[in-house]
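First up is the structure itself, then whatever we jot down about it.
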Amino acid sequence: MSTSKSPKFRHRLKKLDGGRAKINIQLPQEEVTEIDRYAEQRGVSRSSIIAQRYFLGKEAELSS
């Protein structure tokens, strides 16, 4: 089987126990543009970048 047509590997966040809830956030347009540029470079979704930043902030908050 050929792998030449296979999609590029995408990093995924670890699945959370207990399910997920949908949320909406509002960000300044400059930050959205930055996130979109980063997502395009890395080949990941906008939501995964936002989730990573959220969890980094949460870990920093818990460690201080």
Side-chain angles (χ1 to χ4, degrees):
M1 178 152 66
S2 174
T3 59
S4 63
K5 294 182 182 177
S6 298
K8 195 166 87 171
F9 176 78
R10 294 184 181 254
H11 297 283
R12 295 186 130 191
L13 291 176
K14 183 179 176 184
K15 289 204 172 198
L16 304 174
D17 293 333
R20 298 181 183 183
K22 260 187 182 179
I23 62 165
N24 291 320
I25 62 168
Q26 294 182 350
L27 299 170
Q29 184 59 46
E30 299 83 29
E31 193 166 346
V32 174
T33 303
E34 175 192 333
I35 290 171
D36 287 343
R37 189 175 20 233
Y38 186 77
E40 183 67 28
Q41 289 172 351
R42 302 286 186 202
V44 297
S45 70
R46 179 192 286 175
S47 60
S48 69
I49 294 169
I50 293 169
Q52 287 173 350
R53 290 182 180 188
Y54 168 79
F55 284 114
L56 286 172
K58 189 173 179 180
E59 287 176 0
E61 183 180 279
L62 292 174
S63 66
S64 59

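Under the side-chain contact (heavy atoms from CB on, under 4.5 Å) criterion, Y38 pairs with Q41, R42, I49, not counting sequence neighbours. In this structure E34 satisfies the side chain to side chain donor-acceptor pair (under 3.5 Å) test together with R53, sequence neighbours excluded. Residues passing the side-chain contact (heavy atoms from CB on, under 4.5 Å) test with I25, sequence neighbours excluded: I23, L27, I50.
The closest donor-acceptor contact from the side chain of S48 to the backbone of V44 lies at 3.5 Å or more, if one exists at all.
Distance NZ/K22 to OG/S47: 11.0 Å, rounded to 0.5 Å.
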